[in-house]
Structure formats: structure tokens, C-alpha cells
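Convention: sequence-line order gives letters A, B, ...; per-chain numbering from 1. Computed over heavy atoms, backbone and side chain alike; hydrogens, waters and symmetry mates excluded.
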Protein chains: 2
Amino acid sequence: MTIERRTPLSRSRRPTIKDVAEAAGVSRSTVSRALTGRGYAASDVRERVLRAAAELGYVPDVMARTLKQQVSRSVGVLVSDLRNPFYAELAAGASREARERGYTMVLADTSLSAEAESEAAEALVALRVAGVIVTPNSSVVSTYLSSHGIPVVEVDRQFAAGSTDGVVVGNRVGARTATAHLVELGHRRIALFIDETDWTTGYERYQGYLEALGAGDIKVDPDLVVSAGWDVADSRRRALDMLRGPDRPTAVFAANNVLAEGVWRAIHELGLRVPGDVSLVAFDDAPWMSMVSPMVTAVSQDTFNLGATAVRRLDERIVMPEADSVTTVLNVHLVARESTAPPAMI
Amino acid sequence: MTIERRTPLSRSRRPTIKDVAEAAGVSRSTVSRALTGRGYAASDVRERVLRAAAELGYVPDVMARTLKQQVSRSVGVLVSDLRNPFYAELAAGASREARERGYTMVLADTSLSAEAESEAAEALVALRVAGVIVTPNSSVVSTYLSSHGIPVVEVDRQFAAGSTDGVVVGNRVGARTATAHLVELGHRRIALFIDETDWTTGYERYQGYLEALGAGDIKVDPDLVVSAGWDVADSRRRALDMLRGPDRPTAVFAANNVLAEGVWRAIHELGLRVPGDVSLVAFDDAPWMSMVSPMVTAVSQDTFNLGATAVRRLDERIVMPEADSVTTVLNVHLVARESTAPPAMI
DNA sequence: ATCCCGTGTGGGAACGATGTCACAACCCTG
DNA sequence: CAGGGTTGTGACATCGTTCCCACACGGGAT
């Protein structure tokens, strides 16, 4: 009859390298050498140490190791909004690549708040992470982290190009292709829904839109360029206003998946037919776009790969801190579906 | 004319508490007391220390602090697949709650792989996190972490009920409500698409389905219960087989959003009309379900809150390690939309 | 004058893993 | 037997922070 041990040994004290050394009958130094593979360790001793470590369930303390070596194997990831499938997929890609390269990932959803972003950045500095991947909303985070000697990779958007690495997609090309697709179909009144036109991403997509219109000899109508906010509700409201108006556009280019959702909802509420009454193209191919009917034509970006590439870039930067900064541009491609067609005759 | 400093001071060496102490002209102990607010510190000295710390851009090293205090302020979060909006939203909820409670979040996407899960769990032990939230695939992770004295909260599914905390939703009630909704509409041949029926989640949903059938005096047809895999493709294939068959069901209850997507795609490929030819109810209300036409009736769970609640539970557990384990059950509710209607007359 | 107390400060130990010593056993070869 | 290579040892230092204890100082009570 055995007495139940209320609290296992492990709860009271986790095994340390010292415990392993005692169990294996060697010194701590020898355990360290045997486990890491650096330095001398006879094969029978190594065997004994490994067995003792396994039996005790010994797991090295990353904190202590990092403290000594001054080299962390954690990376920070700051994204705007995990509920947006774009950021979720980005994080998924980063997660997989981080795991493959032996990094742990510290993730924070900054909820589109500058305060949360700064707070998270400070936490990452305190953790002494090896590097940070961020979808920035301003240059402050990149600047702050860089000033603390932490490598930064900006993803999707870029505020500190030249001084930090970046991984973005071909925004201008993508936007031009999407708009040109509408122009080729015969559309002349093409609305643009965009988050902003000041940042790199928005600016580039705006430029791509302008270029395609210019190439088609179409004069830009400022009333058709809507700088909608960040949520579906706002986009929907603005779309309702525009599509109810007298001079309704025959096509809409929505510059991200959130705006596209708002426009889509507005179109449906108004009972308009797609693409009969209005054509729709989106930048960023969210899952719902291939599920709705008609399916939405979209500029697809490999978001998962965007996250994975950012981690790769960061890893390279960590290995070579002094190399020139690099901006990687990933390709996008237009997925023509059912939401685009020539405009109806008037 | 100033000379550009190639590498800022911060890169060569981060400021330590010692630097702050020297700058403020006090001892390290005094700096610590002044900054943390624990212990004595004259107001003028505190002032001086704070200014020195701010000027140097001093950020305390979490590693060193944790090492000393043996109390971490990080929590681990292990989710199956961030690309699934369910897990993304769960992670978003966990992230916000963690931030509010002053925890940093270490996240790993285990990609439905047992190996990745174990690997991630070991990394979390190495990091000495304060606790872990996991959407488990077996009991091994919970057991492993518990054996290392790390508090665990199982979310969505539960393998170690009784020994660890859990946060789940009313799976049985939800499934019963969804199925009963179909029964009330007059359906007698109701298919169930489910991931598995052994685990807690799948088992409960299966039971709810059976209960609702029993209450409607409907005999269970085993051919209508499909244990589909984990991806959309598999679910779609199985749905195609079933819906092409001679004895097609008049309604389908898909027990999660992935299965629902597969069924939805199959229905469309076959040119069936919803709800005319077949009604559809889903467990877990994914964003696309309110965007497609007809909109899909679904059992909605507050996934964001699921993640947030799990962090709250974990925090309580960390504060009171010896308290009895608790399983929190969150409510779900049926959102009746357009994909359900009485079966067509035959 | 002595003691006690509250207040403020400094010195040193400790946390866990690892690297670096000097050194001690060995073995084998010449 | 000398010399060199191999293998293992314990002691000590390191990292940044905090805890514990010692001490200093001055005022009030005994």
C-alpha cells in the first residue's frame, strides 16, 4: 500500500542541471558538455547523463541560458488584428517558420491601438527578444526597437524603409492589374475604397489605381475615391452612400478584405446584382470571397508566405546584423472570378 | 558639424541597472527599490533615479527578474490552426486578456501535428511560463505540463477534466438545439458531419444530435453520421458522396465551421438549392456564414470570449494553485438564418 | 547617556546554466 | 620514462535583478 504523494516533486522544485549531475554522478560541467555536445564527454558518460536527464524530466531553463549567453531564441510578432484573416494567416506563417528555425514566438495583437503597440514593444525589449516582426501603424515601434538594438522586419507596410528590413507585396502592380482588369471590361466609373493613401501600402495601391486609369485615358473623379475607416461597418456605410447616389459607379475596387466585406454587404442590402449592376474587385483574397455567389474577383497575396518570409528575413538579419537592409517584394496575382463583367449598357 | 555615430551606444550594450545606479549616483539596490516601488526610497532620490532611467532608455530585463523571482509573467497558448477563424479569434481573445492582466503571450500553432504540439510544450517548459492554454488533441500535453508543475487550462476540448481547468461551450445543448431546429421544421433524414465522436467536444455534439433525434422519435441512421476528417477537402468529398446518393438527407448538421465549409462547397458543386433541396446548420458561426446567400443558420459561440475566459481562469489558477479544478461552460445560441426550411414534399 | 525606532542606503548573496580555468588521471607512442 | 593527447574534475566567474541583512542617522523615550 503506497501513500499518495499530494504534491509531486516537480511542483516543489523543478530539476536543475545540478540534480542531473548528482543523479548521473558527474559534475555540472560534464552534464552541460554532454547535453549540449560542446566539449569532451565520453560516450558512456554521455549515455548516463542523458538517461538521468530523461528520468528526472529535466528541461534546461531558457532564461538562465539566455542570461548567460546573451543570445535569445525568441522572436516577437506584433499584428494589428488577429480576427482579420489576413493577420491570422500572417501569424500562422510566422509561427511555422519560427518553429522550424527553433524560435519561440511571442505574439501580441495590438488591436489597432497605438498605446497597445508601444506597450507590447516595451514588453519585447524587456524580454530581450532576438528580433521583432511588426505590421506597423507608424514608425515609432520600428524606431524604438532599433534604438534598443533589436532587429525589426516590417511586414505588409513599411515606415522605416532603408533603415529596417521589410517584406511587402507588389501593391502597386496588384492594384494596377485589378483596376486595369475593370478598365479592359469597359468600366469608366471605377470607385476606389481604400483605408488611407499616406502610408506605403495605401499609397502604392492608390498609385496603381491611378496608373491604370491613366493608361485607359480615364479622368480621376475624386468623389469615387473613398478613404473609409478600418472596420466593416464604416466601409458598409460609405458604400451605401455611394451606391445609393445618382451617379453610381459601375465597378468598385476595394483595397483590402475588410473594405471589400463592407462593400459586399452594402451591395446586398441595396439589392444590387453583381456583376450586372456593379462589378467588384478586392485586394487580398479572403476565404469568403470564393464561397459567396457570385465569387469575388480578387488580387491574391500569399499571406502565409508573407509571415514565413518575414521570419526568414529576420533570422538572416539576426545572423548578419550589419548587412544592408533589404525589402522583399512578393508577387501577387489576380484571381478572376464571377464578380466582374462589362458594365451594363445605359 | 557633427559626426554620425555608426552604432548607437545601445547596440554595443543595453543599459543595466548598474548604469542607472551610476548615472543617478546611488546603489543598485536603491534603483531597484525606486523603480519597483517596493521598499524605501526618498522622493528626491526616486525622482533622480526615474530621470536617469528614462534618459538611458533603461528597460528591466525580464529574464534576470524572472530568474530571481522564480515567477514568470508569460503564458503559453497552443492552438491547432491559426488559419481557422475559430482559433484565430480564440487567440485574439486570449491576447487581449493577457495584455490587460500584464502577461505576455507565447503562441504556437501546432498545425494539427502531435509532434509539433509536444515540441511546443517542451519549449514552454523551458521558458518556465506561468501557465498554458491549450486546445488539446490528446491528454499528453496537459499531463506533461502538469507534471512539470505548470498550470494548464484546456479550451474547447477537454481531456484531463478533473485534474485541470477547462473552458468549453455548451456543446450538447448547442447540438441538440441545432438538430431540434431541423426536427421542428419537419426533417426526418438529418445527416451529421462531425470530426470525431470520441473526444469531449465531438462526443457531446454527437450526444446532442442523438438526443434531439430521440425526442423527435427519429431512428438514427448510421449511414447519415459521417466522421469526416479535419480539412475542407475531405469534408467536401464525403458530402459529395452522400448528397449524390439515392437516399439523400433533407438536412445536414455540420459540427464545426470547417466541415460546414466542405458541405457548403459540395452542395454548390452539385447545384443543389439551399434550403429548397437541403437545409444546413453549422456549429460555430464563421464570418462567411453571414455573407453567403442564403446565409447559414449556425450555433454561435463567443469564441473571442472563450479565449479571454481561459486567460482569466489561468490567472486565477496561478494565484491559487491548490484550488479545485473548474470547468467553465459558456453559453451558445442558435442564429436562425436562411439555410433552414421545411423539407420539400416528396 | 542609553536604548529603541523609523527611515533610508549600501553590500553581498542568490537565482540557473554555462564557460573557463588549472589540474589530475589516464592512455599510447617513441 | 618522457612527452603528448584524451578525458574528466571542481572552483570560480558571469549575466541582471532582487532579497536580506547590516548599518547609519536622528529624534524621542527611558
**Student:** Verify whether one side chain among B/Thr104 and B/Ser74 offers a donor that lies under 3.5 Å from an acceptor in the other.
**Tutor:** yes

**Student:** Take the protein atom CG of A/Leu67 and the nucleotide atom C1' of C/dG16, then report the distance between them rounded to whole Å.
**Tutor:** 9 Å

**Student:** Measure from CG on A/Leu35 to P on C/dT18 and round the result to the nearest Å.
**Tutor:** 8 Å

**Student:** May I have the distance from B/Asp61 (atom CG) to C/dA17 (atom P), rounded to whole angstrom?
**Tutor:** 17 Å

**Student:** With each end axis built from five pairs of C1' atoms, what bend angle do you get for the helix from C/dA1-D/dT30 to C/dG30-D/dC1? Round to 10°.
**Tutor:** 70°

**Student:** Roughly how far, to the nearest 0.5 Å, is CD of A/Glu117 from CG of A/Asn137?
**Tutor:** 4.5 Å

**Student:** Answer yes or no on whether A/Arg96 is positioned over the face of A/Phe304, meaning its NZ or CZ is under 6.0 Å from the six-membered ring centre and within 45° of the axis.
**Tutor:** no

**Student:** If we count only N and O atoms by modelled type, under 3.5 Å, do the side chains of B/Tyr87 and B/Asp156 hold a donor and an acceptor together?
**Tutor:** no

**Student:** Would you tell me if any nitrogen or oxygen in the side chain of B/Gln70 comes within less than 4.0 Å of OP1 or OP2 on C/dG16?
**Tutor:** yes

**Student:** Reckon A/Ser27 has a side-chain N or O less than 4.0 Å from the OP1 or OP2 of D/dG10?
**Tutor:** yes

**Student:** With a 4.0 Å limit, can you tell me whether B/Tyr58 has a side-chain N or O closer than that to the phosphate oxygens OP1/OP2 of D/dG16?
**Tutor:** no

**Student:** Taking for each residue the nucleotide of DNA chain C with the nearest heavy atom, is it B/Ala42 or B/Ala64 whose nucleotide lies nearer the 5' end?
**Tutor:** B/Ala42

**Student:** Mind checking the CZ-OG1 spacing from B/Arg157 to B/Thr201? Nearest 0.5 Å is all I need.
**Tutor:** 6.5 Å

**Student:** Roughly how far apart are A/Lys18 NZ and A/Ser27 OG, rounded to 0.5 Å?
**Tutor:** 13.0 Å

**Student:** In whole angstrom, give the distance that lies between atom CZ of A/Arg33 and atom C1' of C/dG19.
**Tutor:** 10 Å

**Student:** Counting any heavy atom closer than 4.0 Å, what does B/Thr66 reach on the DNA or RNA strands: base, sugar-phosphate only, or nothing?
**Tutor:** nothing

**Student:** Which of these nucleotides, C/dG10, D/dA11, C/dT18, is closest to any side-chain atom of B/Val26?
**Tutor:** C/dG10

**Student:** Under 4.0 Å between a side-chain N/O of A/Arg65 and OP1 or OP2 of C/dT18, yes or no?
**Tutor:** yes

**Student:** Quick one: A/Lys18 NZ to D/dA11 C1', roughly how many Å, whole number?
**Tutor:** 14 Å

**Student:** Students often get this wrong, so: under 4.0 angstrom with heavy atoms, is A/Val31 touching a base, only sugar-phosphate, or nothing?
**Tutor:** nothing

**Student:** Assign A/Ser32 to base, sugar-phosphate, or nothing according to its heavy-atom contacts below 4.0 angstrom with the strands shown.
**Tutor:** sugar-phosphate

**Student:** Whole-Å distance between C/dG12 C1' and B/Lys68 NZ?
**Tutor:** 11 Å

**Student:** So, taking the atom named OG1 in A/Thr66 and the one named CG in A/Asp61, what distance separates them when rounded to the nearest 0.5 Å?
**Tutor:** 8.5 Å

**Student:** Hey, does the side chain of B/Thr30 come within less than 4.0 Å of C/dG10's phosphate (OP1/OP2), counting only N and O?
**Tutor:** yes

**Student:** Using whole Å, what does the distance between atom P of nucleotide D/dT17 and atom CG of B/Asp19 come to?
**Tutor:** 9 Å

**Student:** When the distance from CZ of B/Arg28 to C1' of D/dC21 is rounded to whole Å, what number comes out?
**Tutor:** 15 Å

**Student:** Any donor-acceptor pair under 3.5 Å linking the side-chain atoms of B/Arg46 with those of B/Ser43?
**Tutor:** no

